[in-house]
Peer 1: 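Encoded as structure tokens, here's the structure I'll be asking about.
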Amino acid sequence: MNQLVAPDEVSTTPSAVDTEAPSPFRHVFSAGFAAALEQLAISLLVTTYQAGKLMAVRAKGGRVSTLLRSFDRPMGLALHGDQVALGTKNAIWFLRNAADIAPQLEPRAAHDACFVPRQCHITGDILGHEMGWAKSESAASEANAERELWVVNTRFSCLCTLHPDYSFVPRWQPRFVTDLAAEDRCHLNGLAMVDGKPKYVTALGQTNEPRGWKACKADGGVLIDVPSNEIVAHGFAMPHSPRWHAGKLWVLNSGEGELQVVDPKTGARDTVARLPGYTRGLALHGRYAFVGLSKIREKEEFGGLPIESNVEALQCGVWVVDLQSGAATEFMAFEAGCEEVFAVDILPGIRWPAIIGFKQETINGIFVVPPT
């Protein structure tokens, strides 16, 4: 039995509910946002590198709760089974759900999952963006297929995997990038997995010069097919978050604040929804999309985009889009403490997760051991 015990010097019962300190975060939500999470029996994981937080967004009784945990510039998320990979400034953290710890947390029987940090791989500051779990090519069968984490290595303009002896192992680069150099040549950022393999990526420009993408960020974004290394679609304003869902290819045209569906054969794009923010971070569940929205803070990086014409009205938070109608009526918006969202992901079947952080004593009293 995995156990949670109070460290000797702590007299109070360890809890995963409290935030690490008085929080500057303040959010509002629409009447149906909590109901959507509850009806779908899900919770959300959200990262914000600006605020340095991994956030669990949970709902109960028509109310929304945000549990905050501090990491150094958290960005990409990748979920597989009971494991979460989290990309940070110079490392990738691996957290696992210790499900039998969850009911031991205070308040008792409130949690249905407990994600505990288990491992960390030091990459250096590769500007790691999105990540995905791929089937290992050496697996003998689908049943015992191991998963390998693929990372968008933005600084080196490549997709990479991890190895204990190295910071990273380069595995793929866009055809127009000629060297493996720490120069962020095209701002490779988004990754879509299809059938357990890397299939589509987004980049902010077809450029081979150090930070060359900045000159064409308003309309030079591209969507690339990984196996063929061919351009699927172009003309995006800083695209992010490609996803394959329900037999369709979805992408965020961030600089226009749009959710689009792309025909991978022709490159034709249709806008499903326009949203009041810089769209980045996308999770799809059934007929719904959960889209991260950000305000535009840094003019050097984000200035000159079409969405700037309405910059004063831009929102930060998570919006729910009905993929069938394009309606975006439900939302959680931050009024303070958070101005940008990077990643949004879904914990299916988990309504009230805990995440164990490092700034309370709880981490020192958790012991996960093999069964005896």
Side-chain angles (χ1 to χ4, degrees), residues 42 44-47 75-87 92-95 121 123 126 128-139 141-154 157-163 168-174 187-203 221-233 236 239-252 254 259-265 279-286 288-292 323 342-349:
I42 64 172
L44 305 177
L45 292 180
V46 177
T47 60
M75 293 178 67
L77 286 168
L79 280 60
H80 175 64
D82 65 355
Q83 183 167 211
V84 174
L86 171 67
I92 295 173
W93 284 92
F94 298 90
L95 296 81
H121 180 94
T123 58
I126 61 173
H129 278 57
E130 291 194 339
M131 306 185 294
W133 291 99
K135 298 175 186 175
S136 173
E137 296 179 358
S138 60
S141 68
E142 177 69 21
N144 67 359
E146 295 182 356
R147 295 280 170 160
E148 184 177 37
L149 186 69
W150 283 65
V151 181
V152 178
N153 184 332
T154 303
S157 307
C158 72
L159 297 181
C160 67
T161 54
L162 306 181
H163 188 282
F168 61 89
V169 179
R171 299 287 293 270
W172 180 91
Q173 278 189 294
H187 208 77
L188 200 68
N189 56 29
L191 172 62
M193 310 296 289
V194 179
D195 296 329
K197 297 180 180 180
K199 176 61 175 173
Y200 300 105
V201 293
T202 48
V222 292
L223 177 67
I224 309 172
D225 178 86
V226 172
S228 68
N229 216 321
E230 297 292 339
I231 303 296
V232 173
F236 296 93
H240 286 82
S241 311
R243 302 288 185 265
W244 183 260
H245 175 73
K248 294 182 179 180
L249 177 56
W250 308 83
V251 69
L252 297 177
S254 305
L259 169 64
Q260 297 186 330
V261 63
V262 180
D263 185 331
K265 295 181 179 179
T279 48
R280 181 178 56 195
L282 174 63
L284 299 146
H285 187 83
Y288 298 103
F290 292 81
V291 185
L323 297 176
F342 182 81
V344 178
D345 217 329
I346 290 170
L347 294 174

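These figures come from a predicted structure and were not determined experimentally.
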Peer 1: Show the nearest heavy-atom pair for residues Gly221 and Pro239, with the distance to one decimal.
Peer 2: CA-CD, 3.6 Å
Peer 1: Under a 3.5 Å distance rule, please check whether Thr202 uses its side chain to pair with a backbone N or O of Leu223 as donor and acceptor.
Peer 2: no
Peer 1: Looking only at the aromatic ring of each residue, does the gap between the centers of His129 and His187 stay below 6.0 angstrom?
Peer 2: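 Judged by ring-centre distance (under 6.0 Å), His187 and His129 do meet the cut-off.
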Peer 1: One pair to check against side chain to side chain contact (heavy atoms under 4.5 Å, CB included): Phe290 and Ile42. What are the steps and the verdict?
Peer 2: CA-CA 12 Å; Phe290 292 81; Ile42 64 172; 3.7 Å; yes
Peer 1: Set out, in order, the CA-CA distance, both residues' side-chain angles and the distance that settles side chain to side chain contact (heavy atoms under 4.5 Å, CB included) for Asn153 and Leu159, then state yes or no.
Peer 2: CA-CA 6 Å; Asn153 184 332; Leu159 297 181; over 6 Å; no
Peer 1: Are the side chain of Ser254 and the backbone of Arg280 linked by a donor-acceptor contact shorter than 3.5 Å?
Peer 2: no
Peer 1: Please report the interatomic distance CZ(Phe342) to CG(Asn189), rounded to the nearest 0.5 Å.
Peer 2: 7.0 Å
Peer 1: Taking Thr47 for the side chain and Ala343 for the main chain, is one N or O donor matched with an acceptor at less than 3.5 Å?
Peer 2: yes
Peer 1: Establish, from distance only, whether the side-chain atoms of Ser157 and Gln173 form a donor-acceptor pair under 3.5 Å.
Peer 2: no
Peer 1: Please confirm whether the backbone N or O of Val251 pairs with a side-chain atom of Gln260, one donor and one acceptor, at under 3.5 Å?
Peer 2: no
Peer 1: Ignoring hydrogens and geometry, is there a side-chain-to-backbone donor-acceptor pair from His121 to Phe94 under 3.5 Å?
Peer 2: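 Answer holds: no.
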Peer 1: Given side chains that start at C-beta, do those of Leu191 and Tyr200 come closer than 4.5 Å, heavy atoms only?
Peer 2: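 They are not in contact (no side-chain heavy atoms under 4.5 Å apart), so the answer is no.
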Peer 1: Flag the pair Thr161 / Val151 as yes when at least one side-chain heavy-atom distance between them is below 4.5 Å, and no otherwise.
Peer 2: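 Side-chain contact under 4.5 Å: no.
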Peer 1: Is any side-chain heavy atom of Pro264 closer than 4.5 Å to one of Asp225?
Peer 2: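 They are not in contact (no side-chain heavy atoms under 4.5 Å apart), so the answer is no.
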Peer 1: Any chance you could measure Ile92, atom CD1, to Met131, atom CE, to the nearest 0.5 Å?
Peer 2: 5.5 Å
Peer 1: Any chance you could measure His285, atom NE2, to Leu323, atom CG, to the nearest 0.5 Å?
Peer 2: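 So the gap between those two atoms works out to 11.5 Å.
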Peer 1: Applying side chain to side chain contact (heavy atoms under 4.5 Å, CB included) to His240 and Thr279, what does each step give before you reach the verdict?
Peer 2: CA-CA 8 Å; His240 286 82; Thr279 48; over 6 Å; no
Peer 1: Side chain of Trp93, backbone of Gly87: donor and acceptor closer than 3.5 Å?
Peer 2: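 No; zero donor-acceptor contacts below 3.5 Å.
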Peer 1: Using side-chain heavy atoms (C-beta onward) and a distance below 4.5 Å, is Val222 in contact with Phe236?
Peer 2: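 Result no, sub-4.5 Å side-chain heavy-atom pair not found.
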Peer 1: Side chains of Pro198 and Arg171: closer than 4.5 Å at any heavy-atom pair?
Peer 2: no
Peer 1: Judged by atom type as modelled, is there a donor-acceptor pair below 3.5 Å linking the side chain of Arg243 to the main-chain atoms of Leu282?
Peer 2: yes
Peer 1: Could you give the distance from CH2 (Trp244) to CE (Met193), rounded to the nearest 0.5 Å?
Peer 2: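 Taking CH2 in Trp244 and CE in Met193, the distance rounds to 14.5 Å.
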Peer 1: Between Leu162 and Thr123, which heavy-atom pair has the shortest distance, and what is it?
Peer 2: CD2-CG2, 4.2 Å
Peer 1: Please give me the minimum heavy-atom distance between Pro227 and Lys199, naming the atom from each residue.
Peer 2: CD-O, 3.7 Å
Peer 1: Hey, can you tell me if His80 and Trp133 have their rings parallel, tilted or perpendicular (30° and 60° cut-offs)?
Peer 2: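 Tilted: the ring planes of His80 and Trp133 meet at 30° to 60°.
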Peer 1: Quick check for you: to the nearest 0.5 Å, what is the distance between Ile346 atom CD1 and Leu45 atom CG?
Peer 2: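 Going from the CD1 atom of Ile346 to the CG atom of Leu45 covers 10.0 Å.
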Peer 1: Using modelled atom types only, decide if a donor and an acceptor are shared between the side chain of Asp345 and the backbone of Ala283 within a distance under 3.5 Å.
Peer 2: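 Pair absent, no side-chain N/O of Asp345 close to backbone of Ala283.
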Peer 1: Could you walk me through whether Leu347 and Leu79 satisfy the side chain to side chain contact (heavy atoms under 4.5 Å, CB included) test, starting with their C-alpha distance in whole Å, then the side-chain angles of each, then the deciding distance to 0.1 Å, before giving a yes or no?
Peer 2: CA-CA 8 Å; Leu347 294 174; Leu79 280 60; 3.3 Å; yes
Peer 1: Looking at side-chain heavy atoms only, is the closest gap between Val194 and Leu249 below 4.5 Å?
Peer 2: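 Sidechains of Leu249 and Val194: no contact.
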Peer 1: Could you report the tightest heavy-atom contact between Ala192 and Pro242, atom names first, then the distance?
Peer 2: CB-O, 3.3 Å
Peer 1: Could you check if a side-chain atom of Ile224 sits within less than 4.5 angstrom of a side-chain atom of Val232, using non-hydrogen atoms only?
Peer 2: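 No, too far: nothing below the 4.5 Å cut-off.
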Peer 1: So that I can tick it off, tell me whether Glu148 and Lys197 are bridged by a salt bridge, with the cut-off set at under 4.0 angstrom between side-chain N and carboxylate O.
Peer 2: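 Salt bridge: no.
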Peer 1: Looking at side-chain heavy atoms only, is the closest gap between Gln83 and Leu95 below 4.5 Å?
Peer 2: no
Peer 1: Quick check: does any side chain N or O of Trp172 sit under 3.5 Å from a backbone N or O of Val226, one acting as donor and the other as acceptor?
Peer 2: yes
Peer 1: Minimum heavy-atom separation for Ala289 and Leu259, please, with both atom names.
Peer 2: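 Smallest interatomic distance, heavy atoms only, reads CB-CD2, 4.1 Å.
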